[in-house]
Amino acid sequence: MEQGGFGSDSGTPPGPIDKSKVLDVKPLRCLVPVFPTPNGMTSTNPQPSPFVCVPPSGPFPPGVSPFYPFLSPNDSGRSAENQEGFGFGTPISPVPLNSFRTPTANGDAGPRRPGRPRSAANGLATDDDDSQHSDHFGSGYSNDVEDTSTGKKRGRPRKSRLSQSDNAAAHPLEVDMDPLLNQLLASFKLAEVDQVKKADGDKELAGRILLVYDLFRRRMTQIEERRGETPGAARRPDLKGANLLMTRGARTNQTKRIGNVPGVEVGDIFFFRMELCLVGLHAPSMAGIDYMSVRLTGDEEPIAVSIVSSGGYDDEGDDGEVLIYTGQGGVQRRDGQMFDQKLERGNLALEKSVHRRNEVRVIRGVVDVQNGGRGKVYIYDGLYRVQESWAEKSKLGNCSIFRYKLLRVPGQPEAFTLWKSLQQWRDGTATRVGVILPDLTSGAESQPVCLVNDVDDEKGPAYFTYIPSLKYSKPFMKSNPSMGCQCLGGCQPGGSCSCVQKNGGYLPFNSIGVLMSYKTLVHECGSACSCPPNCRNRTTQAGPKVRVEVFKTKNRGWGLRSWDPIRGGGFVCEYAGEVIDESRVGEFGNDGDDDYIFDATRMYEPLEATRDYNDESKKAPYPLVISAKKGGNVARFMNHSCSPNVYWQLVVREINNETYYHVAFFAIRHIPPMQELTFDYGMVPPDKADRRRKKCLCGSLNCRGYFY
DNA sequence: GATGGATCAACTGT
DNA sequence: CACAGTTGATCCAT
């Protein structure tokens, strides 16, 4: 099938394609020409960034920006070094192009964005708040900006008629209220997203935008939940967060393009349409077809650049290499009445793409089963070509609809087909190669953990006992007898739950076990609480919710990965093992076998930007060292990476008036299935640097070169 | 022709 | 399930 990919193109007589024509391509309303990759295909790696070798502490050559996701906003040393290249130091002249939204940094001075309805709802998110927020960025973060007195030249009158209504006053944007949100914004250093990067991004920027968006959205959701009773039930943190970032220019790849988008890889996953928007993978916030205008010979015509297939119409995409896509329109949104689709907009663009044979990005939306069927997961399935199109009568309503047959460009990494394979493995309808053990936990976890090796003939890791939780020889401390909560039906946000109070007034997890904001310490419910075991404030007590497997990596021994997609903030697992004295770490190190040690006393990349400072307890309460050599759970197989996708969070539980600390792992960002799970092992303090270094093989751009 | 405001369509999301 | 709520395209007046 793979090799035959080209042959199967035979539906349309190919004929010689004049590629020079395809080169004369420009996006709608944009003065910067955009060129597709030459020859248009085989570009799994479209914009290889030059390899640059930099020490982690700098100095950095221009254009290289180190990315510390949780960098403290007041880490002035580093940012000062870094100012050379861009950001504040090199202001980009504000070219009033329509295609770039000029961030209204100084209130109404800048030209207004085109095409935006200036309704009351929009005013809420953008207008009045704008001046305040840009002040935060311009002068650095300060929590007590009460901007009412400063040069707010514009005042009220700008908002004419209906604006100024209830909304804006009744619900000021949460950023103003919440220090953590403010902190997130400040740490993001939005000034660094200049016009160039906004137009064309890279991996670093796309990752940063998605990260901040998700942190933002999670925190806003948490605030919404606490507010309770969800007025109108239609508070949309997903939209609000995106709006906030967009109006500040925190977006990328805004110029439309044919083919892959820098910073997004085939197989990447998303959980909101706005995420596709923010990184330029698919611009429309709702519509399924994105297109742009290109010039062929004198005339301009629209061609499709990306589509989202997520079940709204009667698409057929089961094959994984072929997609039958239905055109847009033909249904009245209000009453669901149907009529004929018209050959306009996206439909016309797809039709033109049949003849143009350009690559079209395909995003497949599937229902998010882990979220109880609410919401979707969007998988970037790479590039397709529209092979043919036709019109037919819809089953419902007997109206004419357009259909488009798309074929996946060969040679791309597996994406949607992988999801299908995974489903078959779950069902048992397909056998897996390289399975050594179907469940290495022997039933100790609620889900089996597969042991696989499809790279060599090693039969498994060294012997160990599988234990699902952490073993203490003695409690960390006796705590004062404290009352547990009385939440018989499980703890809920907004109520008077005493455990919520311990967490600074917020419930740390949402209903599907996603950590809503990082904290110094998360207080979970304990033995004195009345809530049931499935209480969301016991998220880390029930073992992994995602189906993980232990697998042999190519060059780093055994590793851990997940069959299920994991959301940013999603719970992965706890670190199980035996709590040991810090002084005993050396014993393990001496025989060169400290591979299975978790050491919370090491130094870690700062989490400051994401940590909730409302929290009372600000410093790590206790040194915690865990050995999983003799016994442990899946966490012992997690490898180190200098740009990890998993972060650990200290969790405390009280059992019979004794306090126990635990280490729980959460996804930093969305993790597609089968991507190795890694965390940062941290750095050994200088006075203990006698421990053996190991060469780091994580291969990330900002790799430190070694770890302990 | 350019500009900007108003309106519209759209496989959202709770 | 009803409905608030986005963005970008398009229409229209200037």
Side-chain angles (χ1 to χ4, degrees), chain A residues 27-31 96-102 110-126 160-162 166-167 171 217 221 224-225 229-247 251 254-256 270-278 280 282-293 302 305-315 317 323 325-336 339 341-342 344-350 362-368 371-378 401 404 510-512:
Chain A
L28 275 178
R29 301 161 72 201
C30 175
L31 301 185
L97 295 185
N98 268 347
S99 47
F100 300 113
R101 291 194 173 157
T102 326
R112 264 298 154 195
R113 299 189 312 273
R116 294 293 309 285
R118 304 195 40 74
S119 64
N122 267 323
L124 158 71
T126 60
S160 40
R161 324 139 293 173
L162 27 92
D166 38 28
N167 263 353
H171 305 294
R217 197 190 47 75
T221 308
E224 281 304 326
E225 281 201 322
E229 72 206 51
T230 50
R235 322 280 301 168
R236 295 277 302 267
D238 59 322
L239 299 181
K240 241 187 252 181
N243 188 304
L244 201 74
L245 292 197
M246 280 184 169
T247 52
R251 62 186 309 180
Q254 203 177 1
T255 52
K256 295 201 174 179
F270 306 85
F271 287 83
F272 293 91
R273 281 292 295 265
M274 296 311 285
E275 291 178 329
L276 309 178
C277 231
L278 284 167
H282 185 84
S285 55
M286 301 180 93
I289 307 169
D290 194 9
Y291 53 97
M292 65 191 248
S293 170
V305 293
S306 60
I307 59 174
V308 179
S309 168
S310 57
Y313 291 91
D314 203 10
D315 297 343
L323 174 64
Y325 190 78
T326 308
Q328 63 188 189
V331 55
Q332 195 103 52
R333 241 184 345 136
R334 286 240 176 258
D335 45 15
F339 47 91
Q341 289 186 345
K342 297 195 188 84
E344 58 183 23
R345 299 170 186 271
N347 296 347
L348 180 60
L350 274 170
V362 168
I363 298 107
R364 303 214 189 212
V366 299
V367 288
D368 184 6
N371 196 13
R374 295 180 297 274
K376 300 226 174 71
V377 190
Y378 297 98
I401 55 174
Y404 303 90
N510 77 355
S511 57
I512 56 169

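Hydrogens, waters and symmetry mates are skipped; everything else that's a heavy atom, side chains included, is used. Reminder, nothing fancy here: chain letters follow the sequence lines and each chain counts from 1.
Rounding to whole angstrom units, CD of residue Q254(A) and C1' of dT7(C) are separated by 11 Å. The distance between atom CD of Q328(A) and atom C1' of dA10(B), rounded to the nearest whole Å, is 7 Å. Per the geometry, CD1 belonging to I401(A) stands 13 Å off P belonging to dC11(B), to the nearest Å. In this structure, E224(A) atom CD and dA4(C) atom C1' are separated by 13 Å, rounded to whole Å. The CD1 atom of I512(A) sits 14 Å away from the C1' atom of dG13(B) (whole-angstrom rounding). One interatomic measurement links the two molecules: CD of E344(A) to C1' of dG8(C), which rounds to 15 Å at whole-angstrom precision. At whole-Å resolution of the value, CD1 in I289(A) and C1' in dA9(B) are 12 Å apart. Between L278(A) atom CG and dT12(B) atom P there is a gap of 16 Å when expressed in whole angstrom units.
Closest to the side chain of D315(A), from the set dT6(C), dT10(C), dC11(B), is dC11(B). Checking dC11(B), dG13(B), dG5(C) against every side-chain atom of S310(A), the shortest atom distance belongs to dC11(B). In the set dG5(C), dG13(B), dT7(C), the nucleotide with an atom closest to the side chain of M286(A) is dG5(C). Closest contact between the side chain of T326(A) and the listed nucleotides dA9(B), dT7(C), dC11(B) involves dC11(B). Of the candidates dG13(B), dT12(B), dG5(C), the closest approach to any side-chain atom of L239(A) belongs to dG5(C).
Regarding contacts with the backbone of dT7(C), a side-chain N or O of N243(A) is found under 4.0 angstrom from either OP1 or OP2. Side-chain N/O atoms of Y404(A) include none lying less than 4.0 angstrom from OP1 or OP2 on dC11(B). Contact annotation: K376(A) does not reach the phosphate of dG13(B) (side-chain N/O to OP1 or OP2, under 4.0 Å). Put simply, Y291(A) has no side-chain N or O that comes within less than 4.0 Å of OP1 or OP2 on dG8(C). For dT14(B), the OP1/OP2 oxygens have no side-chain nitrogen or oxygen of K240(A) closer than 4.0 Å. Between R251(A) and dT6(C) there is no side-chain polar atom (N or O) within less than 4.0 angstrom of OP1 or OP2.
Across all strands shown, R273(A) has heavy atoms under 4.0 Å from sugar-phosphate atoms exclusively, and none from any base. Base engagement by Y325(A) is indicated by at least one non-hydrogen atom pair under 4.0 Å involving a base atom. Within the 4.0 angstrom heavy-atom criterion, base atoms lie near G311(A). Within the nucleic acid shown, D290(A) has no heavy atom closer than 4.0 Å to any nucleic acid atom. Heavy atoms of G346(A) sit nowhere under 4.0 angstrom from any nucleic acid atom.
In a base pair of the Watson-Crick type (N1 to N3 plus N6-O4 or O6-N4) or a G-U wobble (N1-O2 and O6-N3), with each distance short of 3.5 Å, dG5(C) is matched with no nucleotide. For dG4(B), the paired base is dC12(C) (Watson-Crick or G-U wobble, both distances below 3.5 Å).
Where R345(A) and A242(A) meet DNA chain C, the nucleotide closest to each residue was compared, and A242(A) sits on the side nearer the 5' end. Each of D238(A) and V331(A) lies near DNA chain B, and the nucleotide nearest V331(A) is the one positioned closer to the 5' end.
Between K256(A) and D290(A) there is a salt bridge, since a side-chain N of the basic residue sits under 4.0 Å from a carboxylate O of the acidic one.
Of all non-hydrogen atoms in S309(A) and D315(A), the two that sit nearest each other are OG-OD2, 3.0 Å. Taking all atoms of both residues into account, the shortest heavy-atom contact from R364(A) to L323(A) is NH1-CD1, 3.9 Å. Listed here is the closest heavy atom pair of Y404(A) and N347(A): OH-O, 2.8 Å. Shortest non-hydrogen contact noted between A283(A) and C277(A) is O-SG, 2.6 Å.
Residue R236(A) places no side-chain atom within donor-acceptor reach of the base of dT6(C), judged by atom type and a 3.5 Å distance cut-off alone.
With Q341(A) contributing its side chain and G327(A) its backbone, the two residues share a donor-acceptor pair below 3.5 Å.
To the nearest 0.5 Å, the span separating CE on M274(A) from CZ on R217(A) amounts to 12.5 Å.
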